[in-house]
Structure formats: C-alpha cells, structure tokens
Amino acid sequence: MKTENPILSIRPMKGRKAPPSHYSFKIESFSLLSKSSVEKCVSEEFEAGGHKWSLSIYPTGNLKEDGHDHISIYLVLMNTCCSPIDWEVNATVNFSVYNFLNDEYVATQDAIVRRFHVLKTERGIPKFIDLDTFKDPSNGYLIDDTCAFGVEVFVVKTMNKGDCLSMIHGSVIHSFSWKFNNFSIANLEEYESVSFVGGDYKWKLNLYPNGHAEGKGNSISLFLAVEVSTLPPDTKLLVDYTVRTKDQISGQHVQRKSCQKFSNSSSAWGSRQLVALTKFKDPNNGFLVNDSCILEAEFKVLGLITPGIN
C-alpha cells in the first residue's frame, strides 16, 4: 500500500480523518462517467458562508484550462442572476479527494483568497490530480470504481470600508504668529488665539501655559487646532505642521514638527512638552521678554481624506 499523497497542482497538506466541513460528493461508476460525453459533473447545491455553491468535477480534465490527463475540480457560486452588477464574494477554498485505503481526505492547502464576481463565478484547479495516479487502485483514490471529493469554503467577510486620500497640487505654506502678553499672571489652564484662515479652513493656536497631560507642571504645551465647523462632513486633513516658541534674543527657537490627520475627533495637534518651564521662564533664554512670548505655527495642508474608494 502506498501512503504518499498524490502530486497536486498546489502544495497538499497531510491527510485527515475528518470529512470536509462543508460538502462531499461521492461518484460511483466513475469509469462510465469518464467515458461518457459529459464534460463535467455538477453536484447539488450546498450552503457555506451564507452563499449557495456547487462542486464541478471534470473527469478527464478541463481542456479549456489545460487540464489534460488530470481531474479538474471547481467551486461554482450559484444564484447570482439577481445580484448587483458590482457584487463580489471572496473566499479561501480547500478541495479534497478521499483515500479509501488510508481512510482519510487529502486536501489542498490554499491560502489564496479567490475572488468570485459577475465575470468569474467558477474558481478551481485544472490539474487537481493526474489520472494515472488517481486510477491506480494501489493509491486508494478509486476503489470499486468509486471515488469521493470534498470542499471547504471560508468566505472572507468584506466590510466595504475604505478611504480616499486626495493630494492637493500646489499646496502652500500658511503661517501665524501670536504674541502672548502677561505670561506671569496667566492663570487659566488653556488660552486660544484669534482665528486665522489657512487654505479653506479656520485655525487657532492653543496654549497651555502650565502644560497639558504629561507636560502639566513641567512644560508649556502648544497646539495647532482646526475649527471643525469649517471642515466638510466626514473629511480629514493631512497636514504637515510646525509649532514654535521663539527665542527673541538669540534666535534659538524651539519647535516641533509633525504630519498628522486633523478631523472632527482629532482637531488639535502639537507638542505637550514644547519647552520646559524652567528653561522657558529663564530670561537669559529669550523666550520671555517683558513678560511676553511669541508663539508660531507653520503648516501646509497636503491632502484630504474622505470615505470610500473613488
């Protein structure tokens, strides 16, 4: 008795005792089928993954796909006539053939996601198993002129969710400078600058003079914020930006640069620890001159992100 698996057109995995979890198709008097004028034998319908399918066996090979001298096996998606024109179903498919002598199913190990759509409702393997191997009784696949095939179908659920990034040609750099006076008596947690226009949107600078989050109590925090009322619905802005506090004496400015997506839920980006408070308040460093500091933002809107694939 031979125990080796047949040579399939894709890498086989070891045989298993459990039958296919979705469908098996037994054929008796296979020789009569192979000698008949029937090009393929189509199984009854079965359900898997919320769809109706059938299994097609070509007993002498699918000649249209170069399946000469092999058994060809295909999975067919049924009842698609009433589906939208742009429908598609994606699934991984494992085909198997039963080995009577070893009492196990030899199955393909197919990691490829097969795409079924209006122009391709049938997917399979033209050279599933060569006929010489299949018909040799010592291999165990055709015993008493009887054979059995199986299939497992694992539908990949599609969420139909996607986004489109539209880059802006000729995007320009916008800048804004804010002189903040009387820093020593700033007792609010947060201060906002006046609104300013940058592109098609309005913006502000947000200053936390005593820091925000991990910067609280040890740094100043500075953020560039878009006014969400000026954003189109369900739109995000891809923005390359720099926030800065100026050294008014020697020009040794401190800044943070990043690229982020500004949206209704994430409307402000910047630095929570732009500069340490001890350094910021030291008059020798030039950040505070006459109790005033100068805060700046430079930014460029690179593109828009909207739902869907255009």
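Note that these values count all heavy atoms, side chains included, but never hydrogens, waters or copies made by symmetry.
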Polar side-chain atom of [X] near backbone of [Y] as donor-acceptor pair, under 3.5 Å:
{"X": "Tyr191", "Y": "Leu188", "answer": "yes"}
{"X": "Thr235", "Y": "Pro233", "answer": "yes"}
{"X": "Trp53", "Y": "Ala48", "answer": "yes"}
{"X": "His212", "Y": "Ser221", "answer": "no"}

Check each of Ser171, Ser166, Cys259 against Leu238 using the side chain to side chain contact (heavy atoms under 4.5 Å, CB included) test, and report the only one that passes.
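Exactly one candidate clears the test, Cys259.
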
Does the ring center of [X] lie less than 6.0 Å from the ring center of [Y]?
{"X": "Phe262", "Y": "Tyr201", "value": "no"}
{"X": "Phe134", "Y": "Phe30", "value": "yes"}
{"X": "Phe149", "Y": "Phe95", "value": "no"}
{"X": "Tyr241", "Y": "Trp203", "value": "no"}
{"X": "Phe116", "Y": "His51", "value": "no"}

Could you grab the distance from atom [atom1] of [X] to atom [atom2] of [Y], nearest 0.5 Å is fine?
{"X": "Ile57", "Y": "Cys147", "atom1": "CD1", "atom2": "SG", "result": "8.0 Å"}
{"X": "Cys41", "Y": "Ile71", "atom1": "SG", "atom2": "CD1", "result": "11.5 Å"}
{"X": "Leu237", "Y": "Ser266", "atom1": "CG", "atom2": "OG", "result": "12.0 Å"}
{"X": "Leu207", "Y": "Glu190", "atom1": "CG", "atom2": "CD", "result": "8.5 Å"}
{"X": "Leu205", "Y": "Leu222", "atom1": "CG", "atom2": "CG", "result": "5.5 Å"}
{"X": "Lys279", "Y": "Ile220", "atom1": "NZ", "atom2": "CD1", "result": "11.0 Å"}

Heavy-atom pair with the smallest gap, counting every atom of [X] and [Y]:
{"X": "Leu277", "Y": "Pro209", "answer": "CD2-O, 3.3 Å"}
{"X": "Val118", "Y": "Trp87", "answer": "N-CZ2, 3.4 Å"}
{"X": "Tyr74", "Y": "Ser72", "answer": "CE1-CB, 3.7 Å"}
{"X": "Val228", "Y": "Ser267", "answer": "CG1-CB, 3.6 Å"}
{"X": "Val42", "Y": "Ser56", "answer": "CG2-OG, 3.7 Å"}
{"X": "Leu101", "Y": "Asn139", "answer": "CD1-C, 4.2 Å"}

Is the shortest heavy-atom distance from the side chain of [X] to the side chain of [Y] under 4.5 Å?
{"X": "Ile73", "Y": "Tyr58", "value": "no"}
{"X": "Pro126", "Y": "Asp66", "value": "no"}
{"X": "Ile168", "Y": "Val301", "value": "yes"}
{"X": "Leu274", "Y": "Val254", "value": "yes"}
{"X": "Arg123", "Y": "Val93", "value": "no"}
{"X": "Pro137", "Y": "Leu142", "value": "no"}
{"X": "Val239", "Y": "Lys300", "value": "no"}
{"X": "Ile125", "Y": "Thr108", "value": "yes"}

Give the intermediate values and the outcome of side chain to side chain contact (heavy atoms under 4.5 Å, CB included) for residues Tyr141 and Val106.
CA-CA 10 Å; Tyr141 303 106; Val106 179; 4.0 Å; yes

Stepwise salt bridge (Lys or Arg N to Asp or Glu O under 4.0 Å) test for Lys127 and Asp69
CA-CA 8 Å; Lys127 295 183 177 181; Asp69 301 322; over 6 Å; no

Among residues at least two apart in sequence or on other chains, which ones pass side chain to side chain donor-acceptor pair (under 3.5 Å) with [X]?
{"X": "Asp291", "answer": "Ser184"}
{"X": "Thr278", "answer": "none"}
{"X": "Asp282", "answer": "Asn284"}
{"X": "Thr146", "answer": "none"}

Hey, could you give me each pair passing salt bridge (charged side-chain N to carboxylate O under 4.0 Å, His left out) that has a residue in [range]? Not counting sequence neighbours.
{"range": "residues 196-213", "answer": "Glu192-Lys204"}
{"range": "residues 219-244", "answer": "Asp240-Lys257, Arg244-Glu296, Arg244-Glu298"}
{"range": "residues 29-42", "answer": "Lys40-Glu122"}
{"range": "residues 42-64", "answer": "Glu47-Lys52"}

Suppose the criterion is side-chain hydrogen bond (donor to acceptor under 3.5 Å, both in side chains): which pairs have a residue in residues 173-183, not counting sequence neighbours?
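Of all non-adjacent pairs touching residues 173-183, those that pass side-chain hydrogen bond (donor to acceptor under 3.5 Å, both in side chains) are Asn181-Ser292.
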
Indicate whether any N or O donor in one side chain lies under 3.5 Å from an N or O acceptor in the other, for [X] and [Y].
{"X": "Ser21", "Y": "Glu152", "answer": "yes"}
{"X": "Asp145", "Y": "Ser31", "answer": "yes"}
{"X": "Gln252", "Y": "Ser250", "answer": "no"}

Listed by chain and number, what are the ring-ring contact (aromatic ring centres under 6.0 Å, His included) partners of Tyr98, not counting sequence neighbours?
Phe100, Tyr105

Quick one: ring-ring contact (aromatic ring centres under 6.0 Å, His included) partners of Phe183, sequence neighbours excluded?
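With sequence neighbours excluded, Phe183 shows a ring-ring contact (aromatic ring centres under 6.0 Å, His included) to Phe280, given in chain and number order.
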
Between Ile27 and Leu131, is there a shared hydrophobic cluster once you connect ILVMFWY residues whose side-chain heavy atoms come closer than 4.5 Å?
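Yes; tracing contacts between hydrophobic side chains, which count when under 4.5 Å, links both residues.
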
Of Arg115, His117, Lys120, which is the lone residue that meets side chain to side chain donor-acceptor pair (under 3.5 Å) with Glu88?
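Of all the options given, the one that passes is Arg115.
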
Kindly give the cluster partners of Ile173, where membership spreads through any ILVMFWY side chain lying under 4.5 Å from a current member.
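Its cluster mates, by chain and number: none.
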
Checking Phe287 against His253 for the ring-ring contact (aromatic ring centres under 6.0 Å, His included) test, could you report, in this order, the C-alpha distance in whole Å, the side-chain angles of both residues, the deciding distance, and whether it holds?
CA-CA 8 Å; Phe287 299 116; His253 314 317; 8.4 Å; no

